[in-house]
Structure formats: C-alpha cells, structure tokens
Amino acid sequence: MPETATENAAGGTSSRRLFYYTGGFLTQRRIRRILELAGHELRLGAGRLQPGAGDRIAVWGHSPYAARGEAMARRTGAKLLRIEDAFLRSVHTGRGGTPPLGLVIDSRGMHFDPAQPSDLEVLLATHPLDDTALLDAARAGMARLQEADLSKYNAHHPAFAPDPAMPAPGYVLVIDQTRGDASVIHGGCDANTFREMLFHACEAHPGQRIVIKTHPETTAGHRKGYFDAAALALAPGADITLLEAPVSPAALLAGAVSVYTVSSQMGFEAILAGHRPHVFGQPFYAGWGLSEDSKPLQRRQRRLTRAQLFAAAMILYPVWYDPYHDRLCPLDQAISALEAQVRVWREDRHGWQASGMRLWKRRPLNGFFGTVKPVRFRDGPPHGGRRAMVWASKAEAAPQDAVRIEDGFLRSRGLGADLVPPLSLVSDDLGIYYDPRHESRLERLIASRATLRPDQAARAQALVSTLVARGLSKYNLGNDAPDIASLAAGRQVVLVPGQVEDDASIRYGASGICTNHALLAAAREAHPEAFVIYKPHPDIEAGLRPGHIASADQYADLVAQQTDPAALLAQVDTVWTMTSLLGFEALIRGRRVVTLGAPFYAGWGLTDHRGPALPRRGAHVSLDGLVHATLIDYPRYRDPVSGLPCPVEVVVARLAQGEVARGGPVNRLLAKAQGLLAGQAHLWRRG
C-alpha cells in the first residue's frame, strides 16, 4: 500500500503538501521557489509516499504532462492545483530558457478553460473590485506597462524607436496563436476557427489592409501557428500581410483600427490599449462587456471596466516573484524588475564595442552591458552591427555616434578613484549629463517629467525618503559628522563642497568661478555672518585628484575632512556649489542650493541659479520629477548579489545593508598610481 499524507511518519494531514508527477516541477528552480514562497511544500510523488485526500497535486495547466497528476487526483481524492505562467512573464518565451516572473496558481481550473469557472473568473464575477487603492494600483500598472512597452514576452523592437518592419497605421489586426495551444483547444476552437476569424475580418472591413501577427514562439521557430503563407489564399483579393517580425505589441495595437483574436493574451492587451476586440474563443477577458464575443458564455453577465479587469488579472490572481530578495512581491515591484531586464536586452542585443576603457573597468562594464553579448574592447569604428560606447571623458577620440558611459549617482561604498566597482552606470546617446554645452539624455528625461502620474510621484517620494533616512549618497563613505549646531551657535550654516578642479563638469559648465578657492571666497562674501563649512572632495582628500586648498580656513569656520556628506547635509541650511552632485543631494533633503556653474539639476526652478544661462531648460520641474528622471529613468543598476539588472530600489537596499563590493589592497595601489599620474597631468596642463 502506498504511504499517504495521513499515514506518513510525520503523522497528520498537511494541506500544505503539493505533490507533483512531472520533471518540470523538479528541474525548474524558479517555479519551485515561487510555489514554496506561496506556502506549498513540494513533494515528488514516487514510491510509497503518495497524496491523501487533504493534499494537493500540481499540474502544469492543461499540458500533455498533466494527465498523470490528474489521474492521481481522481485516484486519491487529492485536489488539483493548475499552475501556469502569469500574464507578464519575461524577456524571452519559456522555450527561450528564461524563468517566469510570476505564476498563476488556480484551485478551480485554469483561466483559459471555460469548462468550469477558474479562480480568475470567480474574482471577475464576485469580487467587489471597487477599492480605491486597488483601482489606483491597476491604473498605475496599466500606465507603466504602456510607457515601458512591456508585454508577456518582450524580445521585440521597442515601440518608442523607429521600426522598419512596423506596418503603416490603419490596418485590421488578426492575431495568430501557436498550433494546438491549450487555450485554443479548451476554448472549443481549431484551425477552422482561425479561418472563420480571418473571413469575418475581411468581410467586415472590405478593402482594408489585414495584418496577421504571428506568435513570438512561431517567430522564434519553436512552434507553428495557424496561419502561414498558404493561409493568405484563404481570402482571395484581400490585402493580407503575414507579419512575422518581432515588433512591439503595443505599437501594433496602436496602429490597428480593429483587432481580431481567438484567445490570445494580445486580446487582453488590446482591451487595455482601448480596443474592443472581436473574440472567437472563450478567454478569461471575454464576457465582461469589453469585447465583441462570437461565443459568449452565459454565466458571465457582469460589466467591468478595464481597470477592474486588470486589477483581477494582474494584481489579485497571480503571485509575483522578486528575484533580488527571493520573496514574493506586489505587481509594481515585478514591473520594475522586468523594466530593468528588458532595457538591458533592448539596448545590448546587438552588442557593444567599447573604447577609452581602463583595464579595471572592463569587468564591471561587461557585467552591465555584456550579458546579452560580451563587450568587445577595441578602438576604432564598431564591426558586426555592434554599437560604439566610450567612457565619457574619452569621447573626443571615439566614433561620433558613440554612446557615452559614466558612473551613476548612487555609485558604491567607496571611491571610483579607489577602483571600487560601480552599482550604477549611465549611458547617454545624446551627450552626457555634466556637459551643458549639448543636450543630454538626462536633460531630455528631466523635461519629460515636468508632469508625473500619481504613482510616479509616489515612487520618487518613497525613494527620497529612503535615501534621507538611510543617509545614502554617491560614495557612502560612512564617516561621522561633527555636531554643527553646537559649533554654529545659532548662525546660518552654509556648506561649500569642494570639487576636482579639472573635472569636466567644471571645465564645460562653470564660468567665472571655477576653482574651489574662488567658490569658497564667494560663499563667504555672500554670507559674512554665517557658519561656513568647507567639505573637500573625497578624491582630493585621498590624494587621488587635484583641487586642494591650502588656506581653506581663511574663509571657512570648519574644514570637514573625512566627513560623510549626507551627515553634513542634515545639519546645513544652504549649499553653494559650482557643479557638485552634492547640490542635487542637498535638494532632495530640502536644502537651499546656490549654483554658480551649470549642473544638470540647475535651471529647472529648483535652485538659486547664478551660473551660465540655460535656455533649453525652460520647463518647471518638481523635485519629484527631477528625482524620477535622475535616479529612476536615467541610470542602469546592477544588483551586486544576484548579478541581475535591477531597479534603483534594490541598489538602495544593498547600500543600506552594506551588501556591495569594496576596493581591495591591489585596487588601492593602482588608485594611488592613477592619482599620481592625474596630478602630473594637471600640473602639465596648468604649466
């Protein structure tokens, strides 16, 4: 007799036990982990250990491999759990080898099988779906997916870039699916249904262009679809195009005048995009007043809004996985993870050729930009369809269209000049953020964030709150700061951050005042009664870069050496700077900032700007908009723990917890040599 859960050595019945009978649940680590985090104890049904009536059996949807688990459920009385990918999956398809971002775990059936109501259908039919917070989250999720051009699979050309494969707008879109797909079969459909759908599309739109979009797995060569070149003869005289290129689903839907589908998820995405698709199967999104249904289900009578449909299907129904902290997470965090991963694939899929990169930077650069194709390090024009990249300070010797690379604004715990690898890098295809002579990608992003959605403002505010509460800045050196209040004795406190004087941001963005000495003197002249603090730049303190002031105490009441800038900012009233990033860090802490140069954060109405005129920066941008563009949109982040591309919040958590790389003794020796060379070059330029 096989051992059951009620008879096993542990004793008792465990409703957490989830038995499985197919190898996929054994070998797919991500799927197993999501199920474990969802509260299930996975057990391989083998030998004497078999489920009892109080246990559950996992099967993958209605796949051919589900039959054994279904038979065991009938035999033992255990209940079935049907598992499938969630509706937002990954960059590539499952057959492309990438794990899912989330799962649906259904105790009643499966969302694509109308034979009985699934958990999702019960949610759509009975859940109030009227909670303000839930619907706000749904609207935010819909907007984020649209803005980032995210779909279930995402190895496609982005919607916001020109795509020669995209048909001109004004077509009727007919969506193909993979042959034998479970949603087709269990929806009571077959090849005849697809022919019928095409016939109706042609009949309802005489003379209109018809575009048939193949499934991504068909495009990748994994599975055949229902339409092929021979299918175009099914409607003689019609203007039909079979579109096999991996174009953006969002862009494709935007150009369509009408959408036809059997049961594809693109029908769901069509609803979210504002269409009322013609549906010839019985998918989960049909029957709620948002589609034209050829085969209506009588039990679905409720009328829903798009936000309600999205809330049930994307927020309440799935379980989402956070790959950085190995835990379940809400939808918004799953979207952030997928955004980061999709950005990397889109920007890196053709490969990079990098010039002007020091040897120690090459390994970190490959971690950021070489996960799709390894970065090729060589000078000269790029080959083999690769894009050119260059470290921003070396751009003059690089190809004209080279993308400029530079450290991000939340860099590390330790100095770049100490050769500590970065947690963030920026890539700029227009210019670079510290050079105001030309428009940069960051400048364009800041202008675009003059208006924010509520969820975007909330995300920026949450990020700022965490940075301030954790005392985080660019380098996070972690030193203490003196008690300024006791030293200042009620006087206004002015902080003057020193900079590396040959820094490009000063050479390109400062006029008149372009040395630390002149900056400190100007701040003292403007505030003769204030308590003035001079904060030397960490690279200068470390002896790595030029800019030391021998007589700083002539103007400053305190020279704050080896001091954490974030700890200082918490105690000052005003910051005077040429172009230092400390000015931005002061803004997010609510401090007044006077800019004498032209840093990226000046000219938007947030600083007391006394530097060069910035006519391009005419938009009035809120602090939330500046933060969103600067810390969320512009940089790339890489998680030092998992090695994955990640959103900014993950890097903030790693910095706060100290889970980052640090420079070793070899790096420090190299850094010292680098500093000596930099100092000699500075003297040579001045001489």
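Values below: every heavy atom of this structure, side chains too, minus hydrogens, waters and symmetry copies. Keep in mind the model is a prediction, meaning the values are calculated, not measured.
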Step by step, work out the salt bridge (charged side-chain N to carboxylate O under 4.0 Å, His left out) result for D348 and R636.
CA-CA 12 Å; D348 300 352; R636 280 197 191 190; 2.6 Å; yes
Partners meeting ring-ring contact (aromatic ring centres under 6.0 Å, His included) with F368 (sequence neighbours left out)
none
Listed by chain and number, what are the ring-ring contact (aromatic ring centres under 6.0 Å, His included) partners of H157, not counting sequence neighbours?
none
Electrostatic pair [X]:[Y] at N-O distance under 4.0 angstrom:
{"X": "D332", "Y": "R144", "value": "no"}
{"X": "R33", "Y": "D326", "value": "yes"}
{"X": "R343", "Y": "E339", "value": "no"}
{"X": "R299", "Y": "E121", "value": "yes"}
{"X": "E70", "Y": "R82", "value": "yes"}
{"X": "D455", "Y": "R139", "value": "no"}
{"X": "R17", "Y": "E41", "value": "no"}
{"X": "E269", "Y": "K152", "value": "no"}

So with a 6.0 Å cut-off around [atom1] of [X], is the heavy-atom count from everything else above 12?
{"X": "F199", "atom1": "CZ", "value": "no"}
{"X": "R303", "atom1": "CZ", "value": "yes"}
{"X": "R470", "atom1": "CZ", "value": "no"}
{"X": "E347", "atom1": "CD", "value": "yes"}
{"X": "K79", "atom1": "NZ", "value": "no"}

Minimum heavy-atom distance between [X] and [Y], given as atom pair plus value:
{"X": "R276", "Y": "S291", "value": "NH2-O, 3.7 Å"}
{"X": "I57", "Y": "A73", "value": "CD1-N, 3.5 Å"}
{"X": "D149", "Y": "A159", "value": "OD2-N, 2.7 Å"}

For residues 278-317, which residue pairs qualify under ring pair (Phe, Tyr, Trp, His ring centres under 6.0 Å), counting only residues two or more places apart or in two chains?
F87-F284, H111-F284, H200-F280, Y260-H278, F268-F284
Report the C-alpha distance between K213 and D176 in whole Å, list the side-chain angles of each, state the deciding distance to 0.1 Å, and finish with yes or no for salt bridge (charged side-chain N to carboxylate O under 4.0 Å, His left out).
CA-CA 6 Å; K213 178 65 184 78; D176 195 11; over 6 Å; no
Partners of D106 by salt bridge (Lys or Arg N to Asp or Glu O under 4.0 Å), sequence neighbours excluded?
none
Contacts of type salt bridge (Lys or Arg N to Asp or Glu O under 4.0 Å), residue R363, not counting sequence neighbours:
none
Less than 4.5 Å apart, any side-chain heavy atom of [X] and any of [Y]?
{"X": "L463", "Y": "L631", "value": "yes"}
{"X": "V247", "Y": "H156", "value": "no"}
{"X": "I632", "Y": "R459", "value": "yes"}

Do any N or O atoms from the side chain of [X] and from the backbone of [Y] form a donor-acceptor pair under 3.5 angstrom?
{"X": "R108", "Y": "D119", "result": "no"}
{"X": "T219", "Y": "H215", "result": "yes"}
{"X": "D190", "Y": "T193", "result": "yes"}

Tell me, please, which residues at least two apart from K224 pass side-chain contact (heavy atoms from CB on, under 4.5 Å).
none
Is a side-chain donor-acceptor pair under 3.5 Å present for Q177 with S263?
yes
